[in-house]
Amino acid sequence: MTTVSPTPDTTPLKSTITTAKPAEAPSPPPAMRLRELAFGAAVAAAVRAAARLRVADALDETPAFAAELALVVDTEPAPLRRLLRALCCYGIFSETPEGKFVHTEMSRLLREDDPNSLRYISLWCTEPWTWDVWPRLEDAVRSGTTVFPETFGKGFFEYLHQDAGESAQVFNRAMTTSSVQSARDVAELLDLTGVSSVADIGGGQGHVLASLLEKHPSVQGTLMDLPGVVARADARLRDGGELADRVRIVPGDCREEIPVGVDLYVIKNILEWDDESTRRTLRNVVEAARPGARVVIIENLVDDTPSMRFTTAMDLLLLLNVGGAKHTRESLVSRLSEAGLRVGEISPVNAYLHAFECRVP
C-alpha cells in the first residue's frame, strides 16, 4: 500500500487539544469509567474500522494530518480525524500539538507488515457475527450454553464455512498469526533434552512443531489435525520443505483416536470447546502414549495472568459461539488428573499462555 509522503497539507485540520500519554492520565472516577465501559463497543468498532481501512499501513514514520491520510485510505478527512481522535484516547495513534497523527506502539501492531501484527486478530474479534451474539450474553448466562445455533440456524463452524467465507478467511489468518507468534515462545520454553520424537496434536498448520524441529535438528516430528487443516500445513513440513524428511503428517480427529507414539505430546489451545471433547482428547493421549511419555498442555487461563481482560473476554465469546470455556489452573489440573496424567510444573509461556508439564504413568 502507498504510504503518506511528507508533503505539506495546505488545509490542516488543527487540533484543539494535545493527547497525553495514557500512562500519565489520572484514573477516571468510577462513574466516568463505567460510562466508558458501557461504550466499549465504540472502541472495538473504531479498532475494526482502522484495521479495515489500513490506516496504520498508510501512516509511515512522518507525522501526517488526517487530510493526508484520507487521500491514501480513500475516506473523508473530517470523519477520519474523528476516528483517529477516538483511538488516540486509548493509546492507538497519538496526536501532535499541531494536529498531526503519529504512530504509537499499539498502532504499529495494526500494520500488516509488523512482525507482531495483531491486525487479523483485531478483525477476528470484531467480525460481523460477533455483533449479533454479544447482545445475547444474558441468554447464554441464563442457559449456560451457546446462543449461536438459535441466532444463525446452524452451528458456529458450519455457519463460518458455509455462510461467512470472508470471516472464515479472517479466522484462518488470525489463527495463523497467533500460532506463528506463540510458536517462538513455546520453542524457547520447552526443554527437549532426551526427546527424540514430538507430536503436535490438533496442531493446526504446525507452526509450533516447525519451531521445535528447527531448534532441535535431531528430533523427529508428527503433526496431527483434521484433514482439511493439515492439507494447509506449514510449507516447511510438507513435501519438499526443509523439515519434511523429519515429519509425519497424520490427518485425523484427536477426539476419536490418536494413532501416534512419541516421547513428547504438545497440545495447544484445543481443550476449550467443551468438557466432553476435552475428556476424549486427553483419554486418547493417555491410551496412545507409552509409560513415562511427556504431555505438555498449553492454554490461556482466566485466573492469575496478565492477560485476564483478554482471556475472560474470549471466555465469554466461547460461551456464546460454541458453548466452550477457557480454563482456570484448577479446572485444567482437574481435567488432566481425571485423565490419568501426573501434573508437574506449570510455567508461563508468555503473557497469554501457560504450559502444564505432565507425565503418563
Side-chain angles (χ1 to χ4, degrees), residues 115-118 120-121 124 157 160-161 168-192 195-273 277-278 280-282 284-285 288-289 293-300 349-350 352-358:
N116 298 307
S117 176
L118 296 178
Y120 281 100
I121 292 173
W124 170 243
F157 286 107
L160 196 65
H161 294 290
Q169 291 179 23
V170 169
F171 173 74
N172 291 335
R173 293 293 295 269
M175 295 305 101
T176 297
T177 297
S178 180
S179 295
V180 168
Q181 292 170 358
S182 62
R184 298 188 291 263
D185 297 327
V186 172
E188 187 64 29
L189 173 72
L190 294 186
D191 180 1
L192 265 59
V195 171
S196 61
S197 57
V198 58
D200 193 356
I201 304 299
Q205 295 174 324
H207 301 298
V208 168
L209 180 63
S211 293
L212 288 170
L213 295 182
E214 284 185 335
K215 186 175 181 182
H216 303 278
S218 64
V219 173
Q220 300 288 316
T222 299
L223 173 65
M224 180 180 177
D225 210 317
L226 298 173
V229 176
V230 295
R232 304 188 305 272
D234 189 306
R236 291 171 291 177
L237 307 178
R238 298 197 304 264
D239 289 345
E242 59 204 72
L243 301 172
D245 61 340
R246 292 194 282 135
V247 174
R248 183 166 72 108
I249 295 180
V250 178
D253 188 340
C254 61
R255 296 166 297 181
E256 303 300 327
E257 182 188 14
I258 299 178
V260 178
V262 292
D263 299 327
L264 169 63
Y265 297 82
V266 177
I267 301 176
K268 177 176 172 290
N269 283 138
I270 64 169
L271 301 183
E272 57 190 23
W273 303 117
S277 292
T278 295
R280 292 205 311 266
T281 299
L282 293 175
N284 290 339
V285 170
R294 285 173 63 193
V295 180
V296 176
I297 308 296
I298 301 172
E299 289 287 339
N300 304 115
V349 176
N350 52 34
Y352 301 94
L353 294 166
H354 279 73
F356 291 66
E357 277 278 354
C358 307

Considering all heavy atoms of both residues, which atom of Pro259 and which atom of Val250 are nearest to each other, and what is their separation?
CG-CG1, 4.2 Å
Smallest heavy-atom separation, Ala355 atom then Leu189 atom, equals CB-CD2, 3.7 Å
Candidate pair Trp124 and Met175, rule side chain to side chain contact (heavy atoms under 4.5 Å, CB included), full reasoning
CA-CA 9 Å; Trp124 170 243; Met175 295 305 101; 4.2 Å; yes
Got a sec, which pairs hit ring pair (Phe, Tyr, Trp, His ring centres under 6.0 Å) with one end in residues 217-273, sequence neighbours left out?
Phe157-Trp273
Kindly say whether Ser196 contributes a backbone atom to a donor-acceptor pair with the side chain of Asp263 at under 3.5 angstrom?
yes
Distance (rounded to the nearest 0.5 Å) between Thr222 OG1 and Asp200 CG
10.0 Å
Kindly give the heavy-atom pair with the smallest separation between Ser117 and Gln181, and that separation in Å.
O-NE2, 3.0 Å
Is any side-chain heavy atom of Val296 closer than 4.5 Å to a side-chain heavy atom of Leu190?
yes
Can you name the side-chain hydrogen bond (donor to acceptor under 3.5 Å, both in side chains) partners of Asn350, sequence neighbours left out?
Asp185
Tell me whether Glu299 contacts the main-chain N or O of Glu272 through its side chain, where contact means a donor paired with an acceptor under 3.5 Å.
no
Roughly how far, to the nearest 0.5 Å, is CG of Asp225 from CG of Asp253?
8.5 Å
Nearest 0.5 Å, what's the CD1-CG distance between Ile297 and Leu282?
5.5 Å
Non-hydrogen atoms of Pro115 and Arg184 that approach each other most closely:
O-NH2, 4.1 Å
Step through the shown structure and confirm whether more than 12 heavy atoms of other residues, nucleotides or ligands are within 6.0 Å of CG on Asp239.
no
Any side-chain to backbone donor/acceptor pair from Arg246 onto Leu213? Under 3.5 Å, distance only.
yes
Measuring only between side-chain heavy atoms, which start at C-beta, is Ile298 closer than 4.5 Å to His354?
no
CZ (Arg238) and CD1 (Ile249) are apart, to the nearest 0.5 Å, by 8.0 Å
Check for a donor-acceptor pair, side chain of Gln220 on one end and backbone N or O of Val198 on the other, with a separation under 3.5 Å.
no
Separation between CG (Leu264) and NE2 (His216), nearest 0.5 Å, reads 9.5 Å
If you take all heavy atoms of Val219 and Leu192, which pair is closest and at what distance?
CG2-CD2, 4.1 Å
Sequence-distant partners of Glu214, side-chain hydrogen bond (donor to acceptor under 3.5 Å, both in side chains), two or more places apart
Arg236
Heavy-atom check, side chain of Met224 versus side chain of Val230, under 4.5 Å:
no
Test item: Ser178 side-chain N/O and Ala174 main-chain N/O as donor-acceptor pair under 3.5 Å
no
Hey, does the side chain of Lys215 reach the backbone of Ala187 with a donor-acceptor pair shorter than 3.5 angstrom?
yes
Any side-chain to backbone donor/acceptor pair from Asn284 onto Ile258? Under 3.5 Å, distance only.
no
Distance only, no hydrogens: is a donor on one side chain within 3.5 Å (strictly under) of an acceptor on the other, for Gln205 and Ser179?
no
Can you confirm whether Tyr120 is buried at OH, in the sense that more than 12 heavy atoms of other residues, nucleotides or ligands lie under 6.0 Å from that atom?
yes
Would you check, one step at a time, whether the test side chain to side chain contact (heavy atoms under 4.5 Å, CB included) holds for Ser182 with Val349?
CA-CA 8 Å; Ser182 62; Val349 176; 5.8 Å; no
Could you pull out the closest heavy-atom pair between Cys254 and Ile201, with the gap in Å?
CB-CG2, 3.6 Å
How far apart are the C-alpha atoms of Glu357 and Arg294, what are their side-chain angles, what is the distance that settles it, and do they pass the salt bridge (Lys or Arg N to Asp or Glu O under 4.0 Å) test?
CA-CA 7 Å; Glu357 277 278 354; Arg294 285 173 63 193; 2.5 Å; yes
So CG of Leu243 and CG of Asp234: to nearest 0.5 Å the spacing works out to 8.0 Å
Hey, mind stepping through Ile270 and Ile267 against side chain to side chain contact (heavy atoms under 4.5 Å, CB included) and telling me if it holds?
CA-CA 7 Å; Ile270 64 169; Ile267 301 176; 3.4 Å; yes
